[in-house]
Every structure is written in C-alpha cells, then in structure tokens.
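Values below: all heavy atoms of this structure, side chains included; hydrogens, waters and symmetry mates excluded.
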Amino acid sequence: MSWGTELWDQFDNLEKHTQWGIDFVEKYTKFVKERSEIELNYARQMRNLSKKYQPKKKDEDENKYTWCRAFHSTLNELNDYAGQHEVIAENMMSQIIAELTRYSQEIKTERKTHFHDGRKAQQHIEAGWKQLESCKRKFERDCKEADRAQQYFEKMDADINVTKADVEKARQQAQMRHQMASDSKSEYSSYLQKFNQEQNEHYYTIIPNIFQKIQAMEEKRIERMGESLKTFAEVDRQILPIIGKCLDGMTQAAESIESKTDSSQVIESYKSGFEPPGDVEFEDYGQAMKRTVSETSLTNSRSENKPERSSKSKTKTLWPFIKKNKGSNPEDFSHLPPEQRRKKLQAKIDDINKDIQKEMDQRDALTKMKEVYIKNPQMGDPNSVDPRLAEIAHNIEKLQVEAQKFEGWLAEVEGRMPVKSDTSRRTSTVYETQNSTPPTNNNCAQDRESPDGSYTEEPSSEVQTSNESKVQPETAESGDEFDDAEEDMLPTIGTCKALYPFEGHNEGTIAITEGELLYVIEEDKGDGWTRVRRNEEEEGYVPTSYVEVFLDSNAKDS
C-alpha cells in the first residue's frame, strides 16, 4: 500500500502524523535516559552499601574465620554486581540515547525537506488553478462583450435613422470583440490543456514520489524504534552472564564456610598453653609450721612467692585468672600466654627469614651484575656495585642476629610448652597459611593474632604492633625496596584491555581507565582478581570482570 496513491489528499494529516512520530521517539529517548539514571543510582547505592560493610582495620581479625571471609567475598561480588548496572546505564547512553538523539535530528531535517517539497508542489498546482480560472473568466467576459457588440451592431443596422458610418463602426467593434473572444478561447483552451497535464503529473507523479519518501522515512523510524526496544532488552541480557558469575561467587563464598575450621581457629587464636590448676591439697594447721601444699596449687604461689608478687613466673602461673596491665609490650612477647607467644615468635622469625631471603636474592642479582660489568666494562663500573653489596651484607648480618635472638626465645618457650611436638607445629603453621588473607587485604595478619579478653587488651596489642614496627625499620625498608624488584622479575603471560574504569583504592590493587591496555603477569586463580603491570614500576590486582584478557599461546599451553 502506497501513501502516494491512497492518501493523495491527506497532506495535512500526514504532516501531523509524522510530527507525532518524531515526538514519540523523543519521548522514548527520555524514558531510556531516566532508566539509565535509575541504574546509576542503584549501582551507586549498591557500591556504598558494599563499602559501608567492608571490614575496617580494627576488624581485621574477621579474616581468620571462613564465615567472615564469605561475607567479605559477598560484599566484593556485590560491588562487581553494582558495576554491571553501571554498564547497563553506559550502554543505554551510548547505544540508545545517543543514537536516537542523533537520529531525531536527522529525521526532523529529512521530514522538513519532504514537506517543503510537498508544499511547493501544492502551491504550484494551486497557482496553476488560479491562472486557469483567470483565463476562463477572461474568455467568459470576452464572449459576453462580443455578444453585446453583435447585438448593438444588429440594432444599429436595423435603425434607419443611424448613419452608415455609425453602422460600420458598430460592425467593426463587433468583429473586434469576436476576435478577442476567439483569442481568449484559444488561450483558455491552451492553458486548460497545460493545467490538466500539470495536475495529472502533480497527483500521479510528484505527490506520490514525495509521499513515498515520507512513507519510507516513517517506516524507517518505526524500524529504528523496534531496534532500540530490542537493544533495551539486549543491554540487560548481555550482563546477565556476569551477574550470574557474581551470584555464583556469592554461592561459592557461602559454600566455603567451614564450621569445624572456624571452631579450630578459635582454639588457635585464644589457646594459652597453660595446664589447668591441679587439686588443692589439705593444709593441716594442726601441726605447727608444717604446711604442705601442691606445687601446682594457687595457694603455693601465693605463699611461696609472696615476696616476689610482681615476678614474671607468678604472673604466668596465675594467667587464667588475671588481666595483663596496660603498658608497653616487651619485644620477646613475654606478656602473652605460651601458645600465643610461640605463634608470635614463629611469625616474627618467618618474617625475618623472608627479609633475609630477599636481601640474599638482591645480593645474588648484584653479584651477577658485577660479573657482567667485569666482563664488559663498557656496560658499567664494577666498583659502583660494591657499596650496595656492603650495605646488603650488613643488613643480612643484622637480620641473622635478630633471627637468632627470636629463635632463642622460641626455643625457651617450646621448652616449657606442655606439648612439644614438631608435627603439631607444622600443622599449626599450615593452618595459619590456609587462613591467611588474600593479596588485596594483606594487612599484617600476624599482629591480629594476639588475643584479647582474659589474656590481653586491645591497647596492648596496638602498642605491641607499634613496638614490632620499631624493632627493625631498616629491615622493613630494605624489604620494601626489594618487593618491587622481585615483582618486576615476573614474566608477562599476555595482555588485557580494561572494559571499565577501576579506582583501585585497596592495598595491592592498581587503578585503571576504560580502554587501557596492560600486561598480564598472573591469571585469576579463582578469587576474581587478575595481576597486571602498567610499566616496569607499577603493577597490582584488578577485578577480572573489569578486563578482557588475551593470554599468549605459550601461557595457555602451560
């Protein structure tokens, strides 16, 4: 069905209809814009909610328990979930709103052109019609004038009183009028034929062509509406797999909760290592000055150690019944119960050994560099490495002395432990490793293991942490210096493209911008994070769902 043949006389209605269609497109565009604003607000509220319940530094003990870590994982997944709603808003802005806004301007211009051509054709045919009417009226007037001139001539000719000259004049006037009427008839006939041709062309060619273009424009507008409505649904559908992964991550986090493990962790966190007090023996006051008490009784401690009320041995014996006074904590952690002290000392030794290994690795690297300089003097001066090697040797020596000091205290503690089993020590170490925090939340987990409640108090653990940080400032500094060097040695296994911006506020993460290309140095190991590098000095973790990873073929094969 063609508008040109069926609606040839509905120019004004078509003009109103097409304008209404454009208004409808703008109305739909406004609807999508409001929907995208709702998505952005929803995402913002979700992110704020996730951030609000993220663990604070003072709550870092939560990371020891599977149910706390499951909740933290759920918060992270919720943050990613919120990000997908931002993607919905962004895609609606780019794929629907921007496109329809541009298209609305185009269709307005096109419609204006078509209806301008239609009005111009309409004005032309109306002007032709007026001209035809004018020719027709002129012909009619000339015919009437010719009839009147003819009647006047005949009257003059019949009147005997009129002179011959007047009769001749009337005859000539009648002939002239007849000639004028004949000329008007010819002009009218010619213009009528011309007008009929123009009218036929107007209603069967010009107007149908214009209306056909308007019809095509309107049908295209309707198709674009259909495409936009489909995109409106597809924008949602595209993020469903990622939202599904977020929900799967929440489910996996819930399934990772292990009540037995958490129950055991309570023991690891608060176990003092003391033996329960033995039976209190009878003290016979009937026999003067002969009082026998159990060596393990509390009374024995009170009587024999009375002169040494503030001694360290008594404090340890009575540990389950008193609280440690506030104050600075000693370097050997002697303010802690035996089990907790052992764990602290072991953790300290492990940290020192890691620092020693870093220094040794750096020493080996510098040694190799010096050998290269010796073989190729043009690459550098071998003597330039010596000051740094001497500094590293000094650091290693200091760290080894520090390690021996803590190992001595550890040996002292283990010598008094009720259960001195290497197997149990290894089991405890493995357990602590399994419950360590992920790279993105590595905030000195060892410092959080000092118990509170009946053994120690929060201010004490804070002071202890500050003391630990004061023990070896040079060691911490040298270790930090080598961290970057060690990470730079990781090879790249592929590249990735940032799909969305990521601020990277948490420790261990890196900020990225949308469309940025980075190197991948460590794949996602199931925790939702991928390790990337921007340049030789800047690297960190980013959410896997925020990047598109392209692994090298060698990395995939391996």
Side-chain angles (χ1 to χ4, degrees), residues 1-24 106-221:
M1 301 294 287
S2 173
W3 286 10
T5 57
E6 302 294 334
L7 303 175
W8 62 272
D9 58 345
Q10 298 298 316
F11 185 89
D12 292 340
N13 285 332
L14 287 182
E15 190 173 19
K16 293 177 182 178
H17 178 79
T18 51
Q19 181 59 49
W20 176 69
I22 294 175
D23 293 341
F24 193 89
E106 292 177 357
I107 195 174
K108 284 179 181 178
T109 303
E110 183 181 357
R111 175 183 174 277
K112 183 177 180 181
T113 301
H114 294 327
F115 280 100
H116 178 268
D117 293 342
R119 269 193 210 89
K120 188 176 179 180
Q122 193 73 20
Q123 291 170 358
H124 179 75
I125 200 67
E126 288 175 358
W129 172 256
K130 290 179 181 178
Q131 186 67 30
L132 177 64
E133 286 291 313
S134 177
C135 290
K136 180 176 151 183
R137 286 192 297 270
K138 184 175 182 299
F139 173 53
E140 182 182 7
R141 286 194 305 269
D142 288 347
C143 287
K144 289 180 179 179
E145 291 292 331
D147 288 342
R148 283 196 294 269
Q150 182 64 30
Q151 290 175 4
Y152 180 72
F153 163 69
E154 290 175 355
K155 180 180 178 182
M156 294 290 287
D157 188 41
D159 191 350
I160 58 174
N161 297 320
V162 178
T163 63
K164 189 176 181 180
D166 291 336
V167 173
E168 182 64 23
K169 183 178 179 181
R171 187 183 63 78
Q172 290 178 355
Q173 185 69 20
Q175 286 179 349
M176 183 186 70
R177 291 295 179 183
H178 278 295
Q179 184 62 42
M180 290 176 64
S182 177
D183 291 344
S184 295
K185 181 180 179 181
S186 298
E187 182 182 0
Y188 171 60
S189 177
S190 175
Y191 202 86
L192 178 63
Q193 184 179 2
K194 178 184 176 184
F195 175 78
N196 286 333
Q197 289 177 351
E198 289 180 351
Q199 181 176 250
N200 185 72
E201 184 180 8
H202 175 80
Y203 287 110
Y204 290 96
T205 303
I206 297 176
I207 288 298
N209 287 342
I210 292 174
F211 280 17
Q212 189 62 37
K213 292 177 182 177
I214 295 174
Q215 181 180 357
M217 177 193 73
E218 182 68 8
E219 290 175 354
K220 184 178 180 182
R221 179 193 67 79

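Between the side chain of S190 and the backbone N or O of S186, no donor-acceptor pair lies under 3.5 Å. S189 places no side-chain N or O within 3.5 Å of a backbone atom of K185 that could act as its donor or acceptor partner. Side chain of N196 to main chain of L192: a donor-acceptor pair is present (N/O by atom type, distance under 3.5 Å, no hydrogens or angles).
Remark: Q193 CD is loosely packed, at most 12 non-hydrogen atoms of other residues, nucleotides or ligands lying under 6.0 Å away. Annotation: Y152, atom OH; neighbour count of heavy atoms from other residues, nucleotides and ligands within 6.0 Å does not exceed 12.
Salt-bridge annotation for K155 and D159: absent, with no side-chain N of the basic residue lying under 4.0 Å from a carboxylate O of the acidic one.
Between I214 and M217 the shortest side-chain heavy-atom distance falls below 4.5 Å. When side chains are defined from C-beta on, R111 counts as touching Q19, because their heavy atoms get closer than 4.5 Å. Here the side chains of Y204 and W8 are not in contact, with every heavy-atom distance at 4.5 Å or above. Looking only at side-chain heavy atoms (C-beta outward), I22 and T18 stay at 4.5 Å or farther from each other.
Taking all atoms of both residues into account, the shortest heavy-atom contact from A181 to A146 is CB-CB, 4.2 Å. Closest approach of L7 and L14 over heavy atoms only: CD1-CD2, 3.7 Å. D166 and M156 get closest at one heavy-atom pair: CB-CE, 3.6 Å. The shortest non-hydrogen separation linking A121 to I206 is CB-CG2, 3.7 Å. The shortest heavy-atom contact between W3 and F211 is O-CD2, 3.7 Å. Among all heavy-atom pairs drawn from L132 and Y188, the shortest one is CD1-CE1, 3.8 Å.
The CD1 atom of I210 lies 10.5 Å from the NE2 atom of H116; values are rounded to the nearest 0.5 Å. Residue M180 holds its CE atom at 11.5 Å from OG of S182, rounded to the nearest 0.5 Å. Atom CD of E133 is separated from atom CD of Q131 by 11.0 Å, given to the nearest 0.5 angstrom.
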Audit row: K138, D142, salt bridge (Lys or Arg N to Asp or Glu O under 4.0 Å) steps and yes/no = CA-CA 6 Å; K138 184 175 182 299; D142 288 347; 3.3 Å; yes
Step by step, would you call D147 with Q151 a side chain to side chain donor-acceptor pair (under 3.5 Å)?
-> CA-CA 6 Å; D147 288 342; Q151 290 175 4; over 6 Å; no
Decide side chain to side chain contact (heavy atoms under 4.5 Å, CB included) for H124 and H202; before the verdict, give the C-alpha distance in whole Å, the side-chain angles of both, and the deciding distance to 0.1 Å.
-> CA-CA 9 Å; H124 179 75; H202 175 80; over 6 Å; no
Given K144 and E140, is the salt bridge (Lys or Arg N to Asp or Glu O under 4.0 Å) satisfied, shown in steps?
-> CA-CA 6 Å; K144 289 180 179 179; E140 182 182 7; 3.5 Å; yes
Steps toward side chain to side chain donor-acceptor pair (under 3.5 Å) verdict (Q179, Q175) = CA-CA 6 Å; Q179 184 62 42; Q175 286 179 349; over 6 Å; no
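For E168, the salt bridge (charged side-chain N to carboxylate O under 4.0 Å, His left out) test picks out R171, with sequence neighbours left out.
None of K220, Q215, R221 except one satisfies the side-chain hydrogen bond (donor to acceptor under 3.5 Å, both in side chains) rule with E218; the exception is R221. For the side-chain hydrogen bond (donor to acceptor under 3.5 Å, both in side chains) with E110, the qualifying choice from K112, K108, H114 is H114, the only one to do so.
Ring geometry for F195 versus W129: interplanar angle of 30 to 60°, hence tilted.
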